[in-house]
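Order of the sequence lines fixes the chain letters, A, B, ..., with proteins taken first and strands second; residue numbering starts at 1 for each chain.
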Amino acid sequence: MKPTPPSRTFDLADVRARLDGLRGQQYWQSLDEIAETPEFKEMLHREFPNGASEWDDGVSRRSFLKMAAASLALAGLTACTKQPVQHILPYVKEPEELVLGEPQLFATAMCRGGYATGVLAKSREGHPIKVDGNPEHPASLGGSSVWMQASILDLYDPDRAKTLLRDGEISTWADFASDFNRILREHEANQGAGLHFLTETIISPTLAAQLDAILKKFPQAKLHSFDSISRDHVREGARLAFGQFVETQHRFEKTSVILSLDSDFLYTHPLALRYAREFANARRVSSGKGEMNRLYVAESTPTITGTMADHRLALGSAEVEMLSRSLAQRFGLGTMDGTSTKSESWLNALARDLEKNRGKSIVIAGEWQPPIVHALCHWLNDKLGNVGNTVFYTEPVELRPTNQLASLRELVSDMQADAVKTLLILGGNPVYAAPADFDFATVLPKVKQSIYLGTELDETAALCAWHVPQAHYLESWGDAKSFDGTISFQQPLIEPLYGGKTPPEILDLIFPQQPVRDDYEIVRSYWETQKRWPDFEKGWRRSVHDGLIADSALAEKKMELKSDAIGEALRSHQVSVTGIEVTFRPDPSIWDGRFANNGWLQECAKPVSKLTWDNAVIISPALAQQQNLAAGDIVELELNGRKVRGPIWLQPGQAEKTVTLHLGYGRERAGRVGRGVGFNANQLRTSDALWSASDLKISKLGEKHPLVATQTHHNLQSPERQIYREGTLNDFKANPQFVKQSIESPKNAETLYDTNEYRYDGYKWAMSIDLNTCLGCNACLLACNAENNIPVVGKDQVARGREMYWIRIDTYYKGSLDNPEFSHMPVPCMHCEHAPCELVCPVEATMHDHEGLNLQVYNRCVGTRFCSNNCPYKVRRFNFLWYADYKTPSFKPMYNPDVTVRWRGVMEKCTYCIQRISRARITAEKENRRISEHEIQTACQQACPTNAIVFGDLNTPNSTVAKLKTHPLDYSMLGELNTRPRTTYLAKLRNPNPEIQSEAKG
Amino acid sequence: MTREKTSVTALPEPEIEYEEPALFGLMAEFEEHEQLLAAARRAYAEGYRRMDAYSPFPIDGLAEALGHENSPIPLFTLAGGIVGGLGTYFMEWLAMAKLYPINVGGRPLNSWPNFIPVTFELTILIASISAFLGVFLLNRLPEPHHPVFNVPEFERASNDRFFLCIQADDPKFELSQTRKFLESLAAAKVVEVEQ
Amino acid sequence: MAQIFRRSSNSIARATLVGTFVAFFGFWGVVYAVYRSPYTTDVNVPLAQPAPFSHKHHVAGLGLDCRYCHTTVEKSSFAGMPPTETCMTCHSQVWKDAPVLAPVRESMATAQPIRWQRVNQLPDFVFFNHSIHVQKGVGCSTCHGAVDQMPITRKVHSLYMRWCLDCHEAPQKFLRPRDQIFNTEWQAPEDQLARGQALMVEYHISTNRLQQLRDCSMCHR
Amino acid sequence: MDTIQGSEPRMPDPSKPYPVTVLGYPAEMIGPKETYARVSDQIAGIPLKHPHPKFWLTCFAIAGSLFLMFCVAVGYLLFKGVGIWGINIPIAWGFAITNFVWWIGIGHAGTFISAILLLLHQKWRTTINRLTEAMTLFAVMCAGMFPLLHLGRPWVFFWLLPYPDTMKLWPQFRSPLVWDVFAVSTYFLVSLMFWYLGVMPDLATVRDKAKTKWKKIIYGISCMGWRGSARHWQHHQSAYLLLGGLATPLVLSVHSVVSFDFAVAQLPGWHSTIFPPYFVAGAIYSGFAMVLNLLIPIRRLYRLQNLITTRTLNNMACVTLVTGWMVIYGYIMEAFMAWYSNDPFEKHMMWDRAFGSYGWVFWGLMLLNCVIPQLLWSRRIRTHDLALFFVALSVNVGMWVERFVIVVQSLHHDFVPSSWKMYYPTKWDVITLLGSIGMFLMLLLLFIRYVPMISITESRELIALRREGQL
């Protein structure tokens, strides 16, 4: 049933007309849908001519016929085949404390951009299978980021660097050690002149100490550090405001007004997990207290933070600076000329609101905003009396704070001048990530003795003489600070799978001592010298056990603000933007590309756009209309001479004249997953414009590229469709029951059935999801993937609508096309008590148990898929093909042994993590007691940084979930169908500023 | 066509022993089914009992004319239907409510409305099967060999001719007598049927 | 026309008709029988093992407790298989150089595990937990049979779902007092049902829990 | 005696029109000159001396090759999984179920004609019931395959049957899919028995007309030694009548049960009480259309106009028209209910059906199923072979499209917009559909080649009746 080919082009005026036509609380979804251009429909045909992929699956017709015959035979036999013979291989010497079949938890730490986040890693039969936040750790508080959850897959990634390479030839650690010694001996002569080190942001005390020692030994040696998502602007901003590097810390718990100037503090900030928790706590509304904070966001492209805003302005990067300037001006700093008129009234209202909430507000700027904006934030926070209340300063967390861009530039110029004899690159991937104008790829080969320590065979590895595989953090000992300064420890859960090494181990070779020390000895001996604990052994063991040193957070520090300097800076350079602006941002899934080979992250739908397996040229609908562009059009972007090609994506809420490009894609040398996916935005990114630039030229090439989003309709169609319910804080105060006013589910008595036939009087599991605090950050989705062995299906299958997530996050748009309101809605299985799916299953493969769980029995399922058709929530997932990866050996130890790996042709869905329930139940049963409330957490609940998901037993009096079910905002999705869902929602509340709201109405 | 009722007066079977005759019987051939019907009536009135008529299509009243009792097939069918219906519902109830009771979407264990379709279908099926098998049992089919096939003309019995065959083991059968009698029935032809 | 068929063909025809009918159902009957036969279930089929370990000798003869080797049976889902060390605790002294123990010594020497053939195995989609069964009064021999009488270990039950349900539907038929769990000679007393009922109370197997024992989620996840 | 030349069938003479009744309807139910012998010769002659081997072989070659494609498609399906089709979540049912419903529908005409019309003493059914019953059998065979093939794990289909398995589990008798299993298999078996009872005496005729030994033997066995004795006929007739009586509610039940697959579900566009009658009407609609599509060429090629008369076609056309209107009523009711219920989901479903992504399919359906068949109001169309053939064809296609709309369109926009997707069939979907048609035709061709395709016995009865002046 091919749809008719596109008859008309994408007409946004028309779209607008339609939108204006919509009345009341109407949501809409992707623009394709609302404009009803057949692009999306077309896409599938063009990219995947029907069934094409079926032939080129590497199966020749001949072998296919053979196998077909085989499978037919199999088909006949499966009824009565014998199980294959298995073997039991017991240990020769059994390790202590290991109980086969029981999980072990270890506290360790994961670093992103150098900053540590404490994690608890779960190990089964000696191999790690899951990573979660460490509740004791201030940077995690138990919450997870997508990267934490996905890191487990990186550990078992079959494409990791497996061997030492010397000029591409397999080599040995011994060879490397000797060669490295030779190199060092050369340098000893000249005190290390020409010996350069390139590291990422240094936050590990041990590493820092080693580097100090090295500099002592080789005074001429040079250290450089570079992180492609660097915080240079933050540093410079602080220097501008205070004359020195300081770290700014925020306390969102106490705030009532927050202004984010292009800052994604809920997602990308090093302390995001904690900020998210604090932010959510200040936002959660119980029937008792009717207070919540108000978030203003000005940003160029919708981010997680932006979607949570009560008032959001879609402004280009430069416009954000203008905004901050004119805001500062309102508080009496500097004079404004380039006033951004369009947001005048907005700004006034905001100013008044900030003024009203002195000492209870926060102004925060994004890493990508120029130093001046950060300085202005410091000034404003100071002016508003926030410093000391909601904002305070500490010593920098980094151990060698430096302007990374400058330091990289220095390295590059040295290399060009052939001044670099030996370059030791510890991690990172400079060849891919360095600014385009540095042309790292061509200068690096000039260095004869280049050594690269990296996890994968990436672009940098290819150009270095030595490539030493780097150990995954779950394989290594180490230490690092988290953003608040808390010292955290890494401990390995498993021997390096491929003999990977850690930076300390490499650096340690510089001080030849016999025998060569491993990372454990290095880290341990460093801390031994620190004299931190009276009884070292005790303190050390304790800290390693906890994964951190208790209250080692940095102390607050009084700072002297240099207002005149800021004013001077304001005057000295003026902000201006001409033509179309381009902004570069780390990708919400694969960050700066270091996660490019991670299938889970590639496939997980990006927070707002729901794109998978691609990055795109994100433009505003208005711009698209102007340039007559539609989603999927491949365009050529030109930025002062540099060119790159990519597909267009229309993003409502995108700043009108700003194009956003996500970094991390277009990797030429990554594993089989990440290679050649998307386009490389770094090719436009130059050192003078790391985050944004003006005068971008867009030219349409007339080709198309299929962009695959898991959600193509962001529109709730009609107000009667009360799937997502929301209101304002004032509505709520006026009438706490306002959610209930709308359609409600039938009461329990309203049934013809005997209500006593099924009484769930043992446990009665249920879930409550708070739409008010859900950020839509995907952590739950990734956690679910890891916990439940959910397969990656690939772009083609996602395009066909066959993604396998057990919990999905729906995003609905509401209001104007240019600046809509966003709503996130996580949807797992509802575990309906009157489950429609169960009724229609012919073989009892899905049914209820006595605790009210809606079960799916894979081994009984014959795959009629009727259950999915009859599921109003469409939360069931089907193995249309053989999705589970049985072949790749390295994945076997990753699978959660408590969860069946599903085979072809069976239905699957969220089980409320039944394996965890069973484990807890067995433990409780053995002790003849009830399961206590916090014994069971579902994977999604555990991962959620804001505790938006609550799971528990309704029969446990005043359990959190039982309480939430009585919350006035509680409602069940599609309850009117009398499905009696066990998963219910707390309606969303927004807290708009009355002034702005009224104006918007008027 | 209208059915003419013929009063059947059953004569008592004489208990005289006959040794197996080499002859199966005498067969008269007719051209029209009315003739056959008439002949059958005459023969029955004459007192012949062990006889049968053959026609290329069913002729109303022929069986009665020959004094065949009504077919018991309706009873078979009824019995089959009852067994099928009750049996099926019982099976469903047993499986769903007794042997392995499972909470399916909160529906009652004995969800009788949902059990009706299968009950209905199997009622029909088993009833039909009994009717079908009835035909075979009562007609003692399959029976590819039968003396009447020895008569060359008989091949038209499935085409356009009608036959009446009086069997030799009929108590009233007497070769010459019976032959005369048959010829008197305006039969196109009378032939002997060997065993 | 002449007769096409001989007289005998009548009986042949009928026989064939009935025959096909019987054959059809007979075939499925056979399939069903095979599926339940030792051929498929391996019940009572001794498997070849690298070393001819005899439970009869170790349990009945020497009186070793099950838990001496299967250490985690009370703690974990997995009963535990003895590491080579455990064997060597004795066999470094007794039967030092018995040829049959060569594989064990070799394993110790080369630090390579012994490859035992698995006797009782469940499909991957069945999650069985030893500890809870032991805890709730299901004795070893209830499922594993009189291991103490097995020179070579074999399976004694099909381990089909139907078999599991026998107990999950009516535990009272099988439950034992705590102190008898590891007693391989334990035999059900005449009044087992009554005792079983009492034990169910003792083990907190309420009616609700009993029903729950038949939930699919008990074993399939 | 040489059968075919023996009785030259009477061709309608274009110069003078066929005899008509007072109302102007074609009068002939069977050629006037027909005698017992002539019908026997003509009909039994076809299996014995096949008159048109050339066209038969061509058709068989085409049907056969389609069938081979089908085998390949099925092989690949079993080897790769249902993922080779275009289905996804939310549209988890695609072509397979559409084809299933379509074939089952087609399978309805046979039993309708042979059973219901039998009970209603519609004599004109006599000369077509054999063929339509055969068609029913083959259509149901095709239909029956799809529910099995569309399973994710077809090799465990037997879990849908009740038997004491090693898991102590039973089929879930609340599920319409289980009802299907029983409904379809019952329908098939009953139709088979009904058909065989009918064909048994005719096989005897063929046996007696056969010249060669082997033909005699084969037909002799297959007719079970039928002698046409009064006792045979007595039991035969009573069983035949009873089966007719039993098959009648069956015909109505089968498609009702099939409709439950949808009506029982909660989905807007499926969850509707009108489905059972609406489906049954639709089934007979498409069934009659298919019969017309088969009869018209067959009676031409085998020159059977003297038996399958224009009157027969005319009557069938009338039934088609009537059932067509029942279906149209169904459509109207669906739309009305969507509006009347004022249920947002129903309303959107209806709107989307007409103006959404699949709107063009819907309007196509309207054209094929509602507009074109109105031509049947005209007698000239009803009695004109070619015209009638194409109208019937449009109905057949239309009914397939209707099922597609019900299955796919309803699924692609259900309750929660976030999961709305499109469905695009792959080449495998198409091959499977065509392949099943190939299989159907192949079986049918074999049937008309080796089995008398018109009931000789009942034709004789017609003649007898005429001779008694009862027609």
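Under 4.0 Å is where a charged nitrogen must lie from a carboxylate oxygen, and between D/Arg174 and A/Glu844 no such pair does.
Heavy-atom neighbours of D/His271 NE2 from other residues, nucleotides or ligands within 6.0 Å: at or below the threshold of 12. More than 12 heavy atoms of other residues, nucleotides or ligands shown are found within 6.0 angstrom of OH on D/Tyr163.
If you tally non-hydrogen atom pairs under 4.5 Å between each of D/Trp179, D/Phe157, D/Phe345 and chain A, the highest count goes to D/Phe345. Note on A/Val827, A/Thr979, A/Val875, A/Asn859: by heavy-atom pairs under 4.5 Å with chain D, the leading option is A/Asn859. Per-residue heavy-atom pair counts under 4.5 Å with chain D were compared for A/Val862, A/Ile723, A/Asn870, and the maximum is reached by A/Val862. Looking only at heavy-atom pairs under 4.5 Å with chain D, the residue among A/Arg876, A/Arg808, A/Arg877 that has the most is A/Arg808.
One N or O on the side chain of A/Arg721 and one on the backbone of D/Phe415 form a donor-acceptor pair closer than 3.5 Å. No donor-acceptor pair closer than 3.5 Å links the side chain of D/Gln172 to the backbone N or O of A/Val843. A distance-only check finds a donor-acceptor pair linking the side chain of D/Arg153 to the backbone of A/Cys861 [under 3.5 Å]. The closest donor-acceptor contact from the side chain of A/Arg802 to the backbone of D/Gly83 lies under 3.5 Å.
With a 4.5 Å cut-off on non-hydrogen atoms, D/Asp352 does not touch chain A at all. Contacts between A/Glu803 and chain D at a heavy-atom distance below 4.5 Å involve the side chain alone, from C-beta outward. Only the side chain of A/Leu974 comes within contact range of chain D, with heavy atoms under 4.5 Å apart. For D/Ile97, no part lies under 4.5 angstrom from a heavy atom of chain A.
Atom CE in D/Met422 sits 9.5 Å away from atom OG1 in A/Thr712 (nearest 0.5 Å). Note that CG of A/Asn869 is 10.5 Å distant from CG of D/Asp261, once rounded to the nearest 0.5 Å. A distance of 10.5 Å separates CG of D/Leu177 from CZ of A/Arg865, quoted to the nearest 0.5 Å.
Taking 4.5 Å as the limit, some side-chain heavy atom of D/Val82 sits within range of a side-chain heavy atom of A/Phe878. The shortest distance between side-chain heavy atoms of A/Met825 and D/Val416 does not fall below 4.5 Å. Side-chain contact check for D/Phe173 versus A/Pro842: every heavy-atom pair is 4.5 Å or farther apart. Looking at heavy atoms from C-beta onward, D/Ser419 lies out of side-chain contact with A/Tyr873 at the 4.5 angstrom threshold.
Summarising the geometry of A/Pro836 relative to D/Gln266, their closest heavy-atom pair is CG-OE1, 3.4 Å, with the distance given to 0.1 Å. The minimum heavy-atom distance linking D/Ile89 with A/Ser868 is given by the pair CD1-OG, 3.4 Å. Shown here for D/Lys80 and A/Leu881, the closest heavy-atom pair between the two residues is O-CD2, 3.4 Å.
Checked against a 6.0 Å centroid threshold, the rings of D/Trp93 and A/Phe866 count as neighbours.
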